[in-house]
J.: 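This structure is in structure tokens; I'll ask about it shortly.
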Amino acid sequence: MAIVTKDPHAWFVAENDKGIQTIYNNETLGHNYPFGFQVNFSDTPTPQIDQVTLYNLSKEHKDFYHRKQHCYLAFNWGKEKKILAEGYISKIDMTQHDGVTDTQVISFTEGTNYANVKARKLKISKKKKTNKYKTVKVREKDHYKNTWEHWTTIETYKSGPKKGQKYVKRHRRSKKVLVKGKTKNKRLKYRGSKTVQVNKTYRKGTSYKKIIRGIASQSGIKISKIDLAKDPTIKRPFTAKGKPLTLIKSLLKKTGSQMTYVRGKLEIVNPKAMKRTWYVIDDKDLIQPPTYNEDGSGDKGTWEITIPLVPEITVNVGIIMKSKYLKGKFYVKAGQHTSDGENPQTQCSLVSM
């Protein structure tokens, strides 16, 4: 069935503490406000940066926008909103003037960038036995000490040339004296415990899915979906250390899966899964014939197609090609939803399944 391209509706909605501002276009009287946009999607684990191009805004409407505001862009061939991208405003360009039209470009980043989450987020507190020391007051025992007692007496020479003269005679004798014990500081050693920061270790036999969930939860990384192509278990204990996002990427190599952002939400997907949303594209939908793009790294090349904008198409969506130029099953590796205000289109890079 061909894509129905009538009754286009587009919304750009931003909100702050004071309220919500909606730019709305359905090409009817009172709502005929065309605006351009570019929404990117890719199977890389990096948040996409999208753009909205607004024309001839009043000062009041222009001053509403500020960095870090939440916003979303929606489009549909009909009245129901279908969100193409959601995120936070990251850049507001200077207004450009060409003498007739004022052009305002607003960039917003989808989702949250976890690339800068620090390795210390993977540290946990652990009690460890260690030697400790304390100083106490200790009183020594009383003890007896040997000493000498000295005294003198006046004596008289009884013979010799000094007979009859007096002199001082010195005496001494040994005796024991009680010595009171002193109080002094003494350093005592004992076994105690202290809290240290260590990396968490997963036991042998733990599944990769459990490790990935554990690392994400511990570091505050929100993964909305985990679909692994295979889920082996580790053959030896594994210590989780390093930047969390980098660590998850390295673990995914063993599972045959990929990490990607889908409309601002971080997901882990199986690129070969047959259970996915499928769209049939035929020659009535193609705006131009598909072209083939070689991959210089030796991987599979991609087929590039351009069709009227389909809001549901994003990364990893399945495409069944029924064109005279291209047939078979593919999945979306990357692409863009674009509009110059009048020609909403979806460009896709397809990989054969």
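Please read these numbers as outputs of a predicted model, since none were measured by experiment. Each residue takes its place number in the sequence, starting with 1. The analysis underlying the following values was restricted to heavy atoms, covering all of them including side chains, and did not include hydrogens, waters or symmetry mates.
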J.: If you count heavy atoms of other groups shown closer than 6.0 angstrom to CD of Glu60, is the number above 12?
T.: no

J.: What's the spacing between Arg191 CZ and Thr130 OG1 if we round to 0.5 Å?
T.: 6.5 Å

J.: Please report the shortest heavy-atom distance between Leu73 and Phe108, naming the atom on each side.
T.: CB-CZ, 4.3 Å

J.: Can you see which heavy atom on Leu252 is nearest to which on Ile212, and at what distance?
T.: CD2-CD1, 3.7 Å

J.: What is the ring orientation for His9 with Tyr24, classed by angle as parallel under 30°, tilted 30 to 60°, or perpendicular over 60°?
T.: tilted

J.: Assess the side chains of Gln347 and Thr306: does a donor N or O sit below 3.5 Å from an acceptor N or O?
T.: no

J.: For Thr239 and Lys200, run side-chain hydrogen bond (donor to acceptor under 3.5 Å, both in side chains): C-alpha distance rounded to whole Å, both residues' side-chain angles, the deciding distance at 0.1 Å, then the answer.
T.: CA-CA 6 Å; Thr239 301; Lys200 185 175 180 179; over 6 Å; no

J.: To the closest 0.5 Å, what do you measure between CD (Glu86) and SG (Cys71)?
T.: 8.5 Å

J.: How close do Val315 and Lys333 get, heavy atom to heavy atom, and via which atoms?
T.: CG2-O, 3.6 Å

J.: Would you sort out whether Lys210 and Tyr202 count as a side-chain hydrogen bond (donor to acceptor under 3.5 Å, both in side chains), showing the intermediate values?
T.: CA-CA 9 Å; Lys210 187 173 181 179; Tyr202 293 87; over 6 Å; no

J.: Is it the case that atom NZ in Lys265 sees more than 12 heavy atoms from other parts of the structure closer than 6.0 Å?
T.: no

J.: Please check if any side-chain donor atom of Lys162 sits under 3.5 Å from a side-chain acceptor atom of Tyr167, or the reverse.
T.: no

J.: Should the pair Asp142-Lys145 be classified as a salt bridge under the 4.0 Å nitrogen-to-oxygen rule?
T.: no

J.: How far apart are the closest heavy atoms of Gly220 and Tyr114, and which atoms are they?
T.: O-CE2, 3.7 Å

J.: Tell me whether Lys322 is salt-bridged to Asp282, with the criterion being a basic N under 4.0 Å from an acidic carboxylate O.
T.: no

J.: Rounded to the nearest 0.5 Å, what's the gap from CD on Gln69 to CD1 on Ile89? Could you check?
T.: 4.5 Å

J.: Shortest non-hydrogen contact from Glu304 to Ser349?
T.: OE1-OG, 2.7 Å

J.: What do you reckon, is NZ of Lys327 surrounded by more than 12 foreign heavy atoms closer than 6.0 Å?
T.: yes

J.: Identify the heavy atoms of Ala85 and Asp50 that sit nearest to each other, and give their distance.
T.: CB-OD2, 3.3 Å

J.: Within this structure, what is the CD1-CD1 distance for the pair Ile248 and Ile211, rounded to the nearest 0.5 Å?
T.: 11.0 Å

J.: Leu57 versus Thr95: any side-chain heavy-atom pair under 4.5 Å?
T.: no

J.: Once you round to the nearest 0.5 Å, how far does CD1 of Ile305 lie from OH of Tyr325?
T.: 14.0 Å

J.: With no hydrogens and no angle check, do the side chains of Ser323 and Asp283 hold a donor and an acceptor under 3.5 Å apart?
T.: yes

J.: Is it true that, when you exclude Arg203 itself, more than 12 heavy atoms of the residues, nucleotides or ligands shown sit nearer than 6.0 Å to its CZ?
T.: no

J.: Before accepting this row, confirm whether a basic side-chain N of the pair Glu149/Arg173 lies closer than 4.0 Å to the acidic partner's carboxylate O.
T.: yes

J.: Can you say whether the rings of Trp77 and Phe75 are parallel (under 30°), tilted (30 to 60°) or perpendicular (over 60°)?
T.: perpendicular

J.: Looking at Trp148 versus His150, is the centre-to-centre ring distance below 6.0 Å?
T.: no

J.: Mark yes when over 12 heavy atoms from residues, nucleotides or ligands other than Lys91 sit less than 6.0 Å from its NZ; otherwise mark no.
T.: no

J.: Counting neighbours of CZ on Phe238 that are heavy atoms of other residues, nucleotides or ligands and sit closer than 6.0 Å, is the number greater than 12?
T.: yes

J.: Indicate whether any N or O donor in one side chain lies under 3.5 Å from an N or O acceptor in the other, for Glu155 and Thr153.
T.: yes

J.: Have Thr346 and Gln336 got a donor and an acceptor in their side chains that come within less than 3.5 Å?
T.: no

J.: Would you find more than 12 non-hydrogen atoms of other residues, nucleotides or ligands less than 6.0 Å from Lys126 atom NZ?
T.: no

